[in-house]
K.L.:
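I have a structure here, written as structure tokens, and I will follow up with some questions on it.
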Amino acid sequence: MNEKVFVRVVDSGARAMEEIHALHRQGYLPEDIFVLAHDKNHTEYLAGAADVNTVSVEEEGLIQSIANWFRSRGDELRAKLESMGCTPREAEAYEAEMDRGKVIVMARVRTANRIF
């Protein structure tokens, strides 16, 4: 199955929640929606409050997940974004946005399951 990722950069946790609700209304399933913030606790809080996912071993793979233990937070975030389908350049730009306090909301677009 071919997968792409939809990415939205938002200014706050409240805006992330709005974006997540909009994705639900568009038919995205909770298991296909992810949230990512520079602070791990903020990421976990938002994911729990919205009942969506964080980028985990399932998306990253075991090797990348273990490697993240030894990376800086910026390197870890870029690796997570790339594991979701972002290019290295996109991952760098999104990570810079998170450095400025922005939140990333992502959704997997499963092209085999959608009609365009």
Side-chain angles (χ1 to χ4, degrees):
M1 176 180 340
N2 186 19
E3 289 184 349
K4 297 180 183 181
V5 67
F6 164 86
V7 180
R8 178 81 67 207
V9 178
V10 297
D11 292 328
S12 65
R15 295 284 299 145
M17 297 299 277
E18 291 172 11
E19 188 65 37
I20 289 165
H21 292 304
L23 289 168
H24 284 290
R25 287 190 301 274
Q26 293 172 33
Y28 285 91
L29 301 173
E31 60 265 20
D32 289 331
I33 302 172
F34 299 80
V35 65
L36 192 59
H38 202 279
D39 180 85
K40 286 181 184 184
N41 292 330
H42 195 201
T43 298
E44 294 293 332
Y45 173 78
L46 290 171
D51 195 27
V52 296
N53 295 303
T54 61
V55 181
S56 65
V57 175
E58 184 177 336
E59 291 76 34
E60 290 184 282
L62 183 59
I63 305 267
Q64 286 295 330
S65 185
I66 291 171
N68 282 339
W69 292 350
F70 304 100
R71 292 180 170 142
S72 70
R73 181 64 176 156
D75 289 345
E76 177 185 356
L77 292 168
R78 286 188 296 278
K80 287 178 179 293
L81 288 160
E82 287 180 37
S83 73
M84 291 297 296
C86 294
T87 67
R89 185 178 213 161
E90 291 168 333
E92 187 173 321
Y94 292 138
E95 192 268 328
E97 292 288 339
M98 285 185 280
D99 279 346
R100 292 190 279 280
K102 307 285 177 133
V103 177
I104 305 295
V105 176
M106 297 177 282
R108 279 192 287 226
V109 180
R110 297 177 188 257
T111 56
N113 295 342
R114 296 192 183 274
I115 299 173
F116 292 96

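Just the heavy atoms: all of them, side chains too, but no hydrogens, waters or symmetry mates, feed the values below.
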K.L.:
CG of Leu46 to CG of Asn41: how many Å apart, nearest 0.5 Å?
P.N.:
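Answer for the CG-CG pair, Leu46 versus Asn41, is 11.0 Å.
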
K.L.:
Any non-hydrogen side-chain atom of Val9 less than 4.5 Å from a side-chain atom of Ile104?
P.N.:
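In short, these two side chains touch, coming nearer than 4.5 Å.
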
K.L.:
Looking at residues at least two apart in the chain, or sitting in another chain, which of them share a side-chain hydrogen bond (donor to acceptor under 3.5 Å, both in side chains) with Glu18?
P.N.:
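Expected list: Arg15.
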
K.L.:
Looking at side-chain heavy atoms only, is the closest gap between Val105 and Phe6 below 4.5 Å?
P.N.:
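Counting from C-beta outward, Val105 and Phe6 never come under 4.5 Å.
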
K.L.:
Identify the residue among Asp32, Ile33, Leu81, Val35 that makes a side-chain contact (heavy atoms from CB on, under 4.5 Å) with Met106.
P.N.:
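So the option named by the test is Leu81.
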
K.L.:
Mind listing the closest non-hydrogen atom pair of Gly85 and Val5 along with its distance?
P.N.:
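Taking every non-hydrogen atom into account, C-CG1, 4.2 Å.
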
K.L.:
Look up atom CG in Asp51 and atom NE2 in His24, then write down how far apart they are to the nearest 0.5 Å.
P.N.:
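Those atoms lie 7.0 Å apart.
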
K.L.:
Between Ala16 and Val103, what is the shortest heavy-atom contact and its length?
P.N.:
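Where Ala16 meets Val103 most closely, the heavy atoms are CB-CG1, 3.9 Å.
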
K.L.:
With rounding to the nearest 0.5 Å, note down the distance linking OG1 in Thr43 to NZ in Lys40.
P.N.:
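Atom-to-atom, Thr43:OG1 and Lys40:NZ are 9.5 Å apart.
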
K.L.:
Determine the minimum heavy-atom distance between Ala91 and Cys86, stating which atoms define it.
P.N.:
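Minimum heavy-atom contact is N-CB, 4.2 Å.
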
K.L.:
What heavy-atom pair brings His42 and Asp39 nearest, and what distance separates the two atoms?
P.N.:
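Minimum heavy-atom contact is N-OD2, 2.8 Å.
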
K.L.:
Name all residues meeting the side-chain hydrogen bond (donor to acceptor under 3.5 Å, both in side chains) criterion together with Asp11; count only those two or more places apart in sequence or in a different chain, and write none if there are none.
P.N.:
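Residues passing side-chain hydrogen bond (donor to acceptor under 3.5 Å, both in side chains) with Asp11: Lys102.
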
K.L.:
Enumerate donor-acceptor pairs with a distance under 3.5 Å from any side-chain N or O in residues 92-99 to protein atoms, sequence neighbours excluded.
P.N.:
from	atom 1	to	atom 2	distance (Å)
Glu95	OE1	Arg78	NH1	2.8
Glu97	OE2	Arg100	NH2	3.2
Asp99	OD1	His38	NE2	2.8

K.L.:
Measure the shortest side-chain to side-chain distance between Met84 and Lys80 over non-hydrogen atoms and say whether it is less than 4.5 angstrom.
P.N.:
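With C-beta onward as the side chain, the pair stays apart.
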
K.L.:
Grab the two heavy atoms, one from Ala37 and one from Leu77, that are nearest each other, plus how far apart they are.
P.N.:
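Shortest heavy-atom contact: O-CD2, 3.9 Å.
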
K.L.:
Could you pull out the closest heavy-atom pair between Glu31 and Arg108, with the gap in Å?
P.N.:
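Heavy atoms of Glu31 and Arg108 come nearest at O-NH2, 2.9 Å.
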
K.L.:
Can you list everything that forms a salt bridge (charged side-chain N to carboxylate O under 4.0 Å, His left out) with Glu82? Sequence neighbours excluded, please.
P.N.:
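Partners of Glu82 under the salt bridge (charged side-chain N to carboxylate O under 4.0 Å, His left out) test: none.
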
